[in-house]
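Hydrogens, waters and symmetry mates are skipped; everything else that's a heavy atom, side chains included, is used. Just so it is clear: chains get the letters A, B, ... in the order the sequence lines come, proteins before strands, and each one is counted from 1.
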Amino acid sequence: MPIMISARSADSPEPDLDLAGPVLQVAPRLLNAVVRHGEVAVRLTEVEAYDGADDPASHAYRGRTPRNAVMFGPPGFLYVYFSYGVHWAANVVCGPDGKSSAVLLRAGEVIDGHEVARTRRGPRVKDRDLARGPGRLAQALGLTGEHGGGYLFGDGPVRLIPAAAPPAEIATGPRVGVSVAADRPWRFWIAGDPYVSAYRRSPRAPAVG
DNA sequence: TCGCTGATCATCT
DNA sequence: GATGATCAGCGAA
């Protein structure tokens with residue numbers, strides 16, 4: 001099990017997208033951006049911010065471990081983790097080097113490579129559901145742990161293309177699935193976009209009151 | 001449409 | 001040994 005943390009060398013291209021700012025500013029800028037892995041490309045419609053050591057819901061909250069080490073590095077890298085023993089979920093590391101913040105890619109629209117995506121997701125899956133949800137998005141793109149640590153702006157297999165145009169309207173709300181700090185409105189999605197995941201509050205989150 | 005539940009395992013305590 | 005940044009399938013309404 002090699003630990004795959006690739007450092008961006010000095011002559012690597014700079015990110016095409018400024019990811020080094022505060023995660024709450026970076027996250028909404030990822031909306032309408034496109035993630036491409038081979039034939040499959042996904043336009044992002046929904047993301048979620050995780051603010052490193054200041055965020056009880058972040059995987060980086062309890063400090064650096066082998067799994068989350070890439071989050072503590074420079075922005076522009078993929079953090080991919082295995083969730084619930086079943087799914088992979090992909091994050092874009094952002095914020096300044098050492099801040100350990102990241103943005104979870106929650107949902108998107110498959111805009112290229114539908115056939116390949118459907119091969120991975122299943123023959124009966126509707127287009128709308130191909131990448132609507134973190135696990136689904138990673139599966140549609142074929143992202144697994146082996147892509148973790150990859151740089152999104154170099155010549156690696158996974159690329160992040162900045163949004164051609166910002167969304168007309170961005171909505172925010174509580175994060176999904178987290179059992180702590182669920183009240184922080186750090187989920188961002190494109191208002192009215194059908195390719196946004198269905199909202200399900202964590203059953204472990206405290207009741208709204 | 002809503003709510004519930006099993007699946008399944010890497011990671012951390 | 002417990003816990004999830006989830007999903008699909010099911011049954012009820």
Original post:
What would the secondary structure line of DNA chain B be in dot-bracket form, counting Watson-Crick and G-U wobble pairs under 3.5 Å, with [ ] for pairs that cross earlier ones and | for pairs with another strand?
Top reply: |||||||.||||.
Could you give the [atom1]-to-[atom2] distance, from [X] to [N], as a whole number of Å?
X      : N      : atom1 : atom2 : result
A/E48  : C/dT6  : CD    : P     : 7 Å
A/R120 : C/dC7  : CZ    : P     : 17 Å
A/R64  : B/dC12 : CZ    : P     : 12 Å
A/D129 : C/dT6  : CG    : P     : 16 Å
A/Y84  : B/dC4  : OH    : P     : 15 Å
A/L137 : C/dA5  : CG    : C1'   : 13 Å
A/Y61  : C/dG4  : OH    : C1'   : 17 Å
A/R184 : C/dA5  : CZ    : C1'   : 14 Å

Consider the side chain of [X], meaning its heavy atoms from C-beta on, and name the nucleotide among [options] that approaches it most closely.
X      : options               : answer
A/H87  : B/dT13, C/dA5, C/dC7  : C/dC7
A/L104 : C/dA5, B/dA7, B/dA10  : C/dA5
A/M71  : B/dC9, C/dA5, B/dT11  : C/dA5
A/F82  : C/dA5, B/dA10, B/dC12 : B/dA10
A/V176 : C/dG4, C/dC7, C/dT6   : C/dT6

Subject >> Smallest separation among heavy atoms of A/F72 and A/G63, with atom names >> reply: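 Closest approach of A/F72 to A/G63, heavy atoms only: CZ-C, 3.7 Å.
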Original post:
With a 4.5 Å limit on heavy-atom distance, are the side chains of A/T65 and A/H59 in contact?
Top reply: no
Original post:
Side chains of A/E39 and A/D112: closer than 4.5 Å at any heavy-atom pair?
Top reply: no
**OP:** Go through the N and O atoms of the side chain of A/Y81 and the base of C/dA5, and report whether any donor-acceptor pair is under 3.5 Å.
**Re:**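 In this structure, the two groups form a donor-acceptor pair.
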Would [X] end up clustered with [Y] when hydrophobic side chains under 4.5 Å apart are linked, directly or stepwise?
X      : Y      : answer
A/V93  : A/V35  : yes
A/F77  : A/M71  : yes
A/L160 : A/F188 : yes

**OP:** Tell me what A/A89 touches on the nucleic acid: a base, only sugar-phosphate, or nothing, going by heavy atoms under 4.0 Å.
**Re:** nothing
Original post:
Where the side chain of A/R106 meets the backbone of A/E46, is there a donor-acceptor pair that is under 3.5 Å apart?
Top reply: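 No, the answer is negative, given that no donor and acceptor are paired below the 3.5 Å cut-off.
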Subject >> A/E109 side-chain N/O to A/T45 backbone N/O, donor-acceptor pair under 3.5 Å >> reply: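 Such a contact is absent between A/E109 side chain and A/T45 backbone.
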Side-chain N or O of [X] less than 4.0 angstrom from OP1 or OP2 on [N]?
X      : N      : value
A/R136 : C/dA8  : yes
A/H59  : C/dA5  : yes
A/T65  : B/dC12 : yes
A/R121 : C/dA8  : yes

Subject >> Positions of residues 22-33 of chain A (non-hydrogen atom under 4.0 Å from DNA chain B), listed by number >> reply: none
Original post:
If you draw a 6.0 Å radius around OH in A/Y61, do more than 12 non-hydrogen atoms from other residues or ligands fall strictly inside?
Top reply: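 Incorrect, the count does not exceed 12.
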Original post:
Do the numbers put A/R175 on top of the ring of A/Y50, so that NZ or CZ is under 6.0 Å from the six-membered ring centre and no more than 45° off the axis?
Top reply: yes
